[in-house]
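Every heavy atom of this structure was used, including side-chain atoms; hydrogens, water molecules and symmetry mates were not. We name chains A, B, ... by the order of the sequence lines, and we start the count at 1 in each one.
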Protein chains: 2
Amino acid sequence: MTVTIYDVAREANVSMATVSRVVNGNQNVKPSTRKKVLEVIERLEYRPNAVARGLASKKTTTVGVIIPDISNSIYSEAARGIEDIATMYNYNIILANSDQNEEKEITLLDTMLGKQVDGIVMMSDSVTDKLHHIMKHAPVPIVLAGSVDESNDLPSVNIDYFQASYEAIQLLINNGHKRIAFLSGPLAYTINSKYKLEAYKKALQDANIEIDEQLIISEESSYDSGIEAWETLSAIENPPTAFFAGSDELAIGIIHGAQDDGKNVPEDIEVISFENSKLARMVRPRLTSVAFPLYDIGAVAMRLLTKIMSKEKVEDKVVILPHRIESRQSIKL
Amino acid sequence: MTVTIYDVAREANVSMATVSRVVNGNQNVKPSTRKKVLEVIERLEYRPNAVARGLASKKTTTVGVIIPDISNSIYSEAARGIEDIATMYNYNIILANSDQNEEKEITLLDTMLGKQVDGIVMMSDSVTDKLHHIMKHAPVPIVLAGSVDESNDLPSVNIDYFQASYEAIQLLINNGHKRIAFLSGPLAYTINSKYKLEAYKKALQDANIEIDEQLIISEESSYDSGIEAWETLSAIENPPTAFFAGSDELAIGIIHGAQDDGKNVPEDIEVISFENSKLARMVRPRLTSVAFPLYDIGAVAMRLLTKIMSKEKVEDKVVILPHRIESRQSIKL
DNA sequence: ATGAAAGCGCTAACAG
DNA sequence: CTGTTAGCGCTTTCAT
């Protein structure tokens, strides 16, 4: 029924080995016989069976990608970066959502390894010890993208979250604010607890501003949480005049909450965000935001993976991409 | 090095066949020997090789997913629906972006078929004859998700775009508007040209409103295009007082354009959108929008695919999901 | 430059 | 209930 390498070998009066050679671009084939084989392939519409090839060669040219949630733009941006580079190097991608659930992550790693992927790109907001151990001992290379492994002994690509956050908070401090709120997603996520929040505390301390736990809110990283945060924070005794938001949605929630209460941004309150998705330009005022270059992180992570898979030398497996702050109108200059 | 089924067979003093049986949950195994095998599997950390299995069984339990662009929320929503159902039925997904480029679509179909996927879910805004022919003759089932095949002889899941659009335009007409603009993405996309635009024309005709080609703008479906559209339309002689926008971004672009010009929505102009992504709630005024249920479309498409793959009877391979209009504040009641 | 043959790791009859 | 035996379609030495 389906045509195999054997069929074209027979039709072309050569051996399977020769057909295999032309299919794989091996140079040790006389041009005339290559031509003959190619013709038969075309005529018979032969399509190599990648599964058989994978079994024989022990390479599948597919890599696994595990991300928390593809429907979240943060991750889908990264996924696009990963996929583009994968395509460039002729890999396909098996994509799966973990919902940031350790058990799913482990199951997913297992089924992907079972499918004999040649490597894995993983995004996880919380690399547990168990996960770390599994990744460390996996039979194929795994690189973390936009995900922090505190022991730093797994290949990964990130930006300097601490420094970026610190700079953002400083902008607020420099504009004279003493009451600065900190909003982020769950502190169970390493980036939030160990970098954004720590940077916030350090920045305030360095400026001799007292830390008020009331001003620190960690919830879901969503628009509605932003609105809620505004509601609770605007009602306290000495409400904040500036906000550091861990994501664009959070920032927009705050802004809309404030505007619905008749406040003006940035005149009455200032807001800086950490993400810079395309949403940042789709609000009024447009968001000033730390740029979190997800596409690049994904792309670089995949590129790193291709290098490791092909056993190229890589100087540094822990890469830190540069960051910047995109100035727009949600804070004063 | 890696442990195979043969290793566990030897260690457990049974045949490969028996190991295969317990791994595959075949009931014809004495509980005691099942237990023994399971123990060895655990001890040796045996992990079945899905590639070998795929070669032998001719099933890979992976399906291909071809979408225009995963970083676009429209498609990533659908991808999530597809993946969730795939996971539920124990399939993995090979995901690839086509950028809505026919050549890439064809290449992708080919490499996925080469990888022996058990089926494919495809999203394409323009199913060309060539593509249609290839899909029609593919060796595995293919279902279209949120994509229209005019000949209607491929399995697909959609909503009634014409009817939904017609109802949206009618809302505008019922609010007394005579100058209604139509905005959408490229007319090369079937949904835009054959359904949204046709519905627009029909609705106007049915209401005896003259069609003014000036009011019909088809560009990229982006925020910036929305703003531009506002700029050009607000400058014409008898400018529109209501807008039908083919996507949320387009709608938001128009609203911001209008607001930047000092207009109020919906007092001065009314806008209805077609998408209802989470963005719809993240603008002021919030968007009234036709709900395009991408997640459901993806999920139902995948479910349909599982049925076809397992040769279940399916009453109708062309499914039309119900639609609704989500009322918010961008049009008056 | 080309062919022969031995697997890759597993499933699936077929026996028993 | 369990074992034997062919393959699945291709890559890869090893010869020639």
NZ (K36(A)) with more than 12 external heavy atoms under 6.0 Å = yes

- Task: Verify the contact: side-chain N or O of T18(A) to OP1 or OP2 of dT2(C), cut-off strictly under 4.0 Å; return yes or no.
- Result: no

Among dC8(D), dC10(D), dG9(D), the one nearest any side-chain atom of M16(A) is dC10(D)

Side-chain atoms of A17(A) come closest, of dT12(D), dT2(D), dG9(D), to dT12(D)

Residue-phosphate contact under 4.0 Å: Y6(A) side-chain N/O, dA4(C) OP1/OP2 | no

Per atom distances to the V29(A) side chain, the nearest of dG7(D), dT2(C), dG9(D) is dT2(C)

So, D118(A) side chain and T60(A) main chain: donor-acceptor pair closer than 3.5 Å or not?
yes

Practice item. Check whether any side-chain N or O of N28(A) sits under 4.0 Å from OP1 or OP2 of dA1(C), and answer yes or no. Key: yes

Atom CD1 of I41(B) and atom P of dG9(C) are separated, to the nearest Å, by 16 Å

Heavy-atom donor-acceptor pair, N101(A) side chain to E105(A) backbone, under 3.5 Å: no

Original post:
Taking OP1 and OP2 of dG9(D), is either one under 4.0 Å from a side-chain nitrogen or oxygen of T4(A)?
Top reply: no

One would report the end-axis bend of the helix from dA1(C)-dT16(D) to dG16(C)-dC1(D), five pairs per end and rounded to 10 degrees, as 30°

**Prompt:** Side chains of S126(A) and Q100(A): donor-acceptor distance under 3.5 Å anywhere?
**Reply:** no

Closest of dT2(C), dT11(C), dG3(D) to the S15(B) side chain is dG3(D)

request  = Give a yes/no on whether any side-chain N or O of S57(B) is located under 4.0 angstrom from OP1 or OP2 of dC8(D).
outcome  = no

Rounded to whole Å, CG of N13(B) lies from C1' of dG3(D) at a distance of 13 Å

Between NZ of K58(B) and C1' of dG9(D) the distance, given in whole Å, is 8 Å

Distance-only donor-acceptor check, side chains N72(A) and S76(A), under 3.5 Å: no

| said: Please tell me if N24(A) has a side-chain N or O lying less than 4.0 Å from either OP1 or OP2 of dT11(D). | reply: yes

Of P31(B) and L55(B), the one whose nearest nucleotide on DNA chain D sits closer to the 5' end is P31(B)

* Asked: Do the side chain of S20(B) and the main chain of M16(B) share a donor and acceptor less than 3.5 angstrom apart?
  -> no

Query raised in the report: According to a strict under-4.0 Å criterion, is R53(A) in side-chain N/O contact with OP1 or OP2 of dG9(D)?
Result: no

Separation of dG3(C) atom P from I5(A) atom CD1, nearest Å, is 12 Å

Backbone N/O of S124(B) and side chain of S147(B): donor-acceptor pair under 3.5 Å
yes

| query | When all nucleic acid strands are considered with a 4.0 Å heavy-atom cut-off, which category describes V14(B): base, sugar-phosphate, or nothing? | reply | sugar-phosphate

query: Does OP1 or OP2 of dC10(D) have a side-chain N or O of S20(A) closer than 4.0 Å?
result: no

In short, M135(A) meets L144(A) closest at the heavy-atom pair CE-CD2, 4.1 Å

query = When only distance counts, do a donor and an acceptor, one from the side chain of R47(B) and one from the base of dG9(C), lie under 3.5 Å apart?
reply = no

Separation of dG3(C) atom P from R21(A) atom CZ, nearest Å, is 8 Å

To the nearest angstrom, the CG-P distance between N26(A) and dG3(C) comes to 13 Å

Does the side chain of N97(A) come under 3.5 Å of the side chain of Y75(A) through a donor N or O and an acceptor N or O? no

Closest of dC10(C), dC10(D), dC8(C) to the Y46(B) side chain is dC10(C)

dC8(C), OP1 or OP2 - any side-chain N/O from K59(A) closer than 4.0 Å? no

Whole-Å distance, K36(A) NZ to dT2(C) P, equals 8 Å

